[in-house]
Protein chains: 2
Amino acid sequence: MDTKSRILAAALELYNEKGIDATTRHIAAAMDISPGNLHYHFKQTDDVIMALWDRLVAEFSVLVINLDKVKHIGLDTLRSFYRQSFDIEYKYRFIFLHFVAIGARLPKIREQYAGMMQRREKEFKGIFKKLVQGGIFQKDVPPKVWKALVRQIFIVADFWLSSNELTDQLRGEKAATAFTRQMEAMFYPYLSARHAAKITL
Amino acid sequence: MDTKSRILAAALELYNEKGIDATTRHIAAAMDISPGNLHYHFKQTDDVIMALWDRLVAEFSVLVINLDKVKHIGLDTLRSFYRQSFDIEYKYRFIFLHFVAIGARLPKIREQYAGMMQRREKEFKGIFKKLVQGGIFQKDVPPKVWKALVRQIFIVADFWLSSNELTDQLRGEKAATAFTRQMEAMFYPYLSARHAAKITL
DNA sequence: AATAAATTAGTACATTTGTTCTAAATTGAT
DNA sequence: ATCAATTTAGAACAAATGTACTAATTTATT
């Protein structure tokens with residue numbers, strides 16, 4: 001592995017563990033290279049965070065592309081999408097745990113996130129429409145409620161890690177599993193009566 | 001107003017604006033006192049954050065006590081509770097915007113928050129039970145879904161500010177109003193058919 | 001008015017951090 | 001093998017920060 005990748009790996013681990021106050025010197029020390037060397041690969045410290053953000057976005061967009069390919073979306077599609085999303089989020093958890101601070105320090109990240117949210121909103125409204133047509137979701141839910149559901153899902157999906165960190169502090173597998181179940185339960189009241197009967201929680 | 005209170009007011013404003021990286025020197029400069037004077041009133045910088053947290057908790061507990069006093073809980077009770085909660089949260093928004101970092105730096109805050117969550121969970125399960133008995137909420141919702149609803153509500157209630165900061169950046173009145181509506185819409189699918197008809201969103 | 005207690009200002013110190021700079025070492029190409 | 005380019009180490013700098021310390025000033029008490 002080249003130094004640049006090794007730096008990103010070390011930085012990711014340190015940021016996840018110590019938060020974004022972990023410094024270039026800490027990262028360099030953790031992987032036994034000189035501060036000068038680290039600076040050779042990343043002129044600005046924030047470039048390291050930016051590079052990790054880019055990786056997160058890339059990994060995530062693979063999921064979204066795969067989701068778009070699915071012909072018949074069901075609850076299992078959604079569940080597996082969230083499970084995979086949560087695994088990625090956990091991997092890059094420092095970003096979600098310090099999202100506001102990062103967004104303030106790196107405005108590009110904030111802008112990209114805001115843009116992604118708008119696109120994701122449309123996508124999910126489309127998905128919900130399909131689930132209604134498929135008889136999985138209820139028919140008589142007002143548009144404003146769908147909109148609120150989307151927003152609510154995004155907030156939970158992007159900040160469950162923070163909530164977990166402040167309370168249960170579940171780690172790894174356990175965390176992702178628990179909040180995938182949380183997500184499932186959130187969809188329950190929107191299910192059609194016929195479909196709700198099939199579900200075991 | 002005595003200096004201690006003035007320090008807290010200045011700190012609150014600076015933290016809300018600049019995040020928790022705002023320093024003692026910044027606070028002192030903003031209110032035209034010497035760093036030495038600030039240190040006289042707060043030996044440790046983190047004591048300022050702790051004092052603000054205590055105020056937040058105190059203001060919030062007034063709401064909870066008032067909620068407990070209410071005899072017949074309806075949706076309007078919940079709505080006004082959330083509206084008041086959100087106003088307080090907005091006032092102390094830096095805490096919610098940097099909750100994980102603060103919890104890591106001040107373990108007492110994390111512990112208090114975790115404890116509050118456990119107590120709040122029981123309270124809300126009780127409230128939901130009353131709403132079911134009152135015919136406002138549906139009867140046939142599984143216990144696990146109620147539990148998930150509680151968790152989901154806490155996540156949205158405590159992190160909507162972060163989500164807002166990263167996207168719409170609504171300020172003051174507008175922010176609190178928008179997310180009070182968000183909260184209302186979240187309850188919609190749990191309403192009994194009879195009650196859902198009454199609601200205008 | 002005199003004295004003690006409190007508050008405030010201002011300086012100073014040790015530490016940390018992002019960044020720069022220079023020289024050494026390694027690698028690659030010819 | 002030689003030379004250039006890349007990579008690395010390590011020192012150095014300026015700025016910022018938490019905290020400590022001292023002296024001045026204000027306030028309260030008798």
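Note on naming: letters A, B, ... go to the chains in the order of the sequence lines (proteins, then strands), and numbering restarts at 1 for each one.
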Review point. Do B:Y190 and B:W146 have their ring centres less than 6.0 Å from each other?
Key: yes

Exercise for review: Provide, to the nearest angstrom, the distance between the NE2 atom belonging to A:H41 and the C1' atom belonging to C:dG18.
Suggested key: 18 Å

Review point. Has B:T24 got a side-chain N or O lying under 4.0 Å from the OP1 or OP2 atom of D:dG18?
Key: yes

Check your understanding: Does C:dT8 have OP1 or OP2 sitting under 4.0 Å from an N or O in the side chain of B:Y40?
Key -> no

Practice item. Measure the distance from CZ on B:R105 to P on D:dG18 and round it to the nearest whole Å. Key: 8 Å

Exercise for review: To the nearest Å, give me how far apart CZ (A:F42) and P (C:dT17) are.
Suggested key: 19 Å

**Study point:** Distance in angstrom units between B:K4 NZ and C:dA6 P, rounded
**Key:** 13 Å

Review point. Are OP1 or OP2 of D:dT8 and a side-chain N or O of A:H39 less than 4.0 angstrom apart?
Key: no

Practice item. Ignoring backbone atoms, establish whether B:N37 has a side-chain N or O less than 4.0 Å from OP1 or OP2 of C:dA9. Key: yes

Practice item. Check for a donor-acceptor pair, side chain of B:S192 on one end and backbone N or O of B:G135 on the other, with a separation under 3.5 Å. Key: yes

Check your understanding: D:dA16 phosphate, OP1 or OP2: any side-chain N/O from B:H26 under 4.0 angstrom?
Key -> no

Check your understanding: Toward the 5' end of DNA chain C, which comes first, B:R25 or B:R6, by nearest nucleotide?
Key -> B:R6

Point to revise | For atom CD1 of B:I33 and atom P of D:dT25, their distance in whole Å | key: 18 Å

Point to revise | Side chain of A:T23 (C-beta onward), nearest among C:dT17, C:dT8, D:dT17 | key: C:dT17

Practice item. Measure from NZ on A:K43 to P on C:dG18 and round the result to the nearest Å. Key: 16 Å

Check your understanding: Do the side-chain N and O atoms of A:S5 and A:D2 include a donor-acceptor pair separated by under 3.5 angstrom?
Key -> yes

Point to revise | A:R55/A:E59 under salt bridge (Lys or Arg N to Asp or Glu O under 4.0 Å): CA gap, chis, key distance, verdict | key: CA-CA 6 Å; A:R55 290 192 169 198; A:E59 288 193 35; over 6 Å; no

**Study point:** Presence of B:T3 side-chain N/O under 4.0 Å of C:dT8 phosphate oxygens OP1/OP2
**Key:** yes

Study note, to complete from the structure: Checking C:dG18, D:dT19, C:dT8 against the side chain of B:Q44 (C-beta onward), the nearest is D:dT19

Exercise for review: Would you please classify the geometry between the A:F124 ring and the A:F81 ring as parallel, tilted or perpendicular, with 30° and 60° separating the classes?
Suggested key: tilted

Practice item. Give a yes/no answer on whether the side chain of A:T45 brings an N or O atom under 4.0 Å of OP1 or OP2 in C:dT19. Key: yes

